[in-house]
**Student:** 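Pasting a structure below so you can have a look.
Throughout, residue positions are numbered sequentially from 1 according to the sequence presented.
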Amino acid sequence: MTRFAPKGLVLNLFGFYLTRDDSWVDARIINHERIHDAQQRELLYIPFYLLYLLEYLVRLIQFRNHDKAYRNISFEREAYANDKDFNYLKRRKLFSFRRYL
């Protein structure tokens, strides 16, 4: 893991995971990021980041709280709901994040 982000944060940029300290990264975190990899690929990367940012801003206005806004982004909701299921990506359908809007 590359060490750029604060401890407790993994930044996934085009399938590269950036973190300051990877000592806390476990199989569940990696699975969570792989779900984001699938989301990014199906949206061809740049649209993923644009939609992610747009939805974050909408949620921030809605909740007026960074943590609540972040946790309610559809991409994050899908990843958090399924990051303990290590077979999820094998059966995941395209654009599954839409169910979490």
**Student:** Should Phe63 and Leu57 be regarded as members of a common hydrophobic cluster, given that ILVMFWY residues are connected when their side-chain heavy atoms come within less than 4.5 Å of each other, either directly or indirectly?
**Tutor:** no
**Student:** Does Ile73 share a hydrophobic cluster with Leu101, counting links as ILVMFWY side-chain heavy atoms below 4.5 Å and allowing steps through other members?
**Tutor:** no
**Student:** Which atom names give the shortest non-hydrogen contact between Tyr56 and His66, and what distance separates them?
**Tutor:** OH-ND1, 2.8 Å
**Student:** If you measure from CG on Leu11 to CZ on Arg20, what distance do you get to the nearest 0.5 Å?
**Tutor:** 14.5 Å
**Student:** Take Leu18 and Val10 through the side-chain contact (heavy atoms from CB on, under 4.5 Å) test and state the conclusion after the steps.
**Tutor:** CA-CA 6 Å; Leu18 308 174; Val10 174; over 6 Å; no
**Student:** Under a plain distance cut-off of 3.5 Å, with no hydrogens placed, do Tyr52 and Glu76 share a side-chain donor-acceptor pair?
**Tutor:** yes
**Student:** Using 30° and 60° as the class limits, which term best fits the ring planes of Tyr45 and Phe14: parallel, tilted or perpendicular?
**Tutor:** tilted
**Student:** Tyr49 and Leu54: same hydrophobic cluster, using ILVMFWY side-chain contacts below 4.5 Å?
**Tutor:** no
**Student:** Under 4.5 Å between any side-chain heavy atoms of Arg77 and Asn72, yes or no?
**Tutor:** yes
**Student:** Side-chain contact test, heavy atoms from C-beta onward, threshold under 4.5 Å: evaluate it for Ile29 versus Tyr17 and give yes or no.
**Tutor:** no
**Student:** Tell me whether the centres of the aromatic rings in Phe48 and Phe75 are closer together than 6.0 Å.
**Tutor:** yes
**Student:** Would you mind listing every salt bridge (Lys or Arg N to Asp or Glu O under 4.0 Å) that reaches into residues 40-59, with sequence neighbours excluded?
**Tutor:** Glu42-Arg92, Glu55-Arg59
**Student:** Does any part of the side chain of Ile46, heavy atoms only, come nearer than 4.5 Å to the side chain of Leu50, both counted from C-beta?
**Tutor:** yes
**Student:** Checking side-chain polar atoms at under 3.5 Å, does Gln39 have a donor or acceptor matched by the opposite partner on His36?
**Tutor:** yes
**Student:** About how many Å separate CG of Asn31 and CG of Asp26, when rounded to the nearest 0.5 Å?
**Tutor:** 10.0 Å
**Student:** So how far is it from Leu43 CG to Leu94 CG, rounded to the nearest 0.5 Å?
**Tutor:** 9.5 Å
**Student:** Does any donor atom in the side chain of Tyr88 or Glu78 lie under 3.5 Å from an acceptor atom in the other side chain?
**Tutor:** yes
**Student:** Verify side-chain contact (heavy atoms from CB on, under 4.5 Å) between Lys68 and Leu60, making sure each step is shown before the conclusion.
**Tutor:** CA-CA 8 Å; Lys68 285 184 181 179; Leu60 190 58; over 6 Å; no
**Student:** Ile30 and side chain to side chain contact (heavy atoms under 4.5 Å, CB included): which single residue from Arg28, His32, Arg34 fits?
**Tutor:** Arg34
**Student:** Does a side-chain heavy-atom distance below 4.5 Å link Glu33 with Asp83?
**Tutor:** no
**Student:** What is the ring orientation for Tyr80 with Tyr70, classed by angle as parallel under 30°, tilted 30 to 60°, or perpendicular over 60°?
**Tutor:** perpendicular
**Student:** Can you tell which of Arg99, Lys93, Arg98 makes a side chain to side chain contact (heavy atoms under 4.5 Å, CB included) with Phe95?
**Tutor:** Arg98
**Student:** Please examine the side chains of Leu89 and Asn82, heavy atoms only from C-beta on, and report whether any two atoms are closer than 4.5 Å.
**Tutor:** no
**Student:** Are more than 12 heavy atoms from other residues, nucleotides or ligands located less than 6.0 Å from atom CZ of Phe16?
**Tutor:** no
**Student:** Would the number of heavy atoms belonging to other residues, nucleotides or ligands and lying under 6.0 Å from CZ of Arg64 be above 12?
**Tutor:** no
